[in-house]
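Each residue takes its place number in the sequence, starting with 1. Keep in mind that this is a model prediction, so the values were computed, not measured.
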Amino acid sequence: MINVHVYITLKEGVLDPQGQAVQRSLVALGYDEVETVNVGKWLKLEIADGPDVEARVEQMCEQLLANPVIENYTYTLEREEKV
């Protein structure tokens with residue numbers, strides 16, 4: 001079993017209204033030091049180990065999990081050790 005952690009963020013220059021709303025709210029609460037907030041997504045997948053796992057994860061990201069036109073993504077793989 002492999003745990004896959006996928007991190008998705010908007011590409012630079014893409015409007016992030018959710019991040020702007022969080023930034024304004026933090027400032028309204030007195031956190032004046034917060035200048036920008038970028039909101040993204042984190043997904044955790046548990047998948048069976050097998051050949052071409054990284055290529056399959058890339059396909060998942062490109063086809064469904066991220067919108068490659070406006071979003072960047074990275075991922076990490078954690079293989080569970082067998083006892």
Side-chain angles (χ1 to χ4, degrees):
M1 187 68 65
I2 299 176
N3 292 319
V4 181
H5 300 272
V6 181
Y7 305 92
I8 301 169
T9 57
L10 291 172
K11 289 184 176 180
E12 191 168 321
V14 174
L15 186 63
D16 183 358
Q18 189 176 8
Q20 292 173 341
V22 171
Q23 186 269 340
R24 285 192 301 269
S25 295
L26 287 169
V27 170
L29 290 171
Y31 299 104
D32 297 330
E33 67 273 26
V34 179
E35 296 183 10
T36 61
V37 175
N38 298 304
V39 174
K41 296 181 276 187
W42 166 73
L43 298 95
K44 180 183 175 192
L45 313 172
E46 294 179 1
I47 64 174
D49 200 354
D52 302 326
V53 168
E54 289 196 41
R56 306 261 307 148
V57 170
E58 287 276 343
Q59 288 176 341
M60 291 178 204
C61 291
E62 292 285 331
Q63 293 180 346
L64 179 68
L65 302 179
N67 179 347
V69 174
I70 61 169
E71 296 174 322
N72 292 319
Y73 64 87
T74 60
Y75 60 87
T76 60
L77 306 176
E78 294 178 354
R79 285 186 165 78
E80 292 184 6
E81 294 188 27
K82 296 179 182 176
V83 180

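Within a 6.0 Å radius of CD in Gln20, more than 12 heavy atoms belonging to other residues, nucleotides or ligands are found.
In terms of hydrophobic clustering, with Ile, Leu, Val, Met, Phe, Trp and Tyr side chains grouped at heavy-atom distances under 4.5 Å, Leu64 and Val6 are assigned to a common cluster. Neither Tyr7 nor Val57 shares a network with the other; the hydrophobic side chains, linked directly or stepwise wherever heavy atoms of I, L, V, M, F, W or Y lie under 4.5 Å apart, form separate groups for each. A single hydrophobic cluster is not seen to contain both Leu65 and Leu10; linkage of ILVMFWY side chains at heavy-atom distances under 4.5 Å, directly or through other members, places them apart.
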Give every donor-acceptor pair under 3.5 Å between a side-chain atom in residues 27-55 and any protein atom, sequence neighbours left out.
from  : atom 1 : to    : atom 2 : distance (Å)
Trp42 : NE1    : His5  : ND1    : 3.2
Asp49 : OD2    : Arg79 : NE     : 3.2

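With hydrogens and angles ignored, the 3.5 Å screen pairs a side-chain donor or acceptor of Glu71 with a backbone N or O of Asn67.
Pairing each heavy atom of Gly19 with each of Asp16, the nearest pair is N-OD1, 2.9 Å.
Between Asn72 and Lys11 the shortest side-chain heavy-atom distance falls below 4.5 Å.
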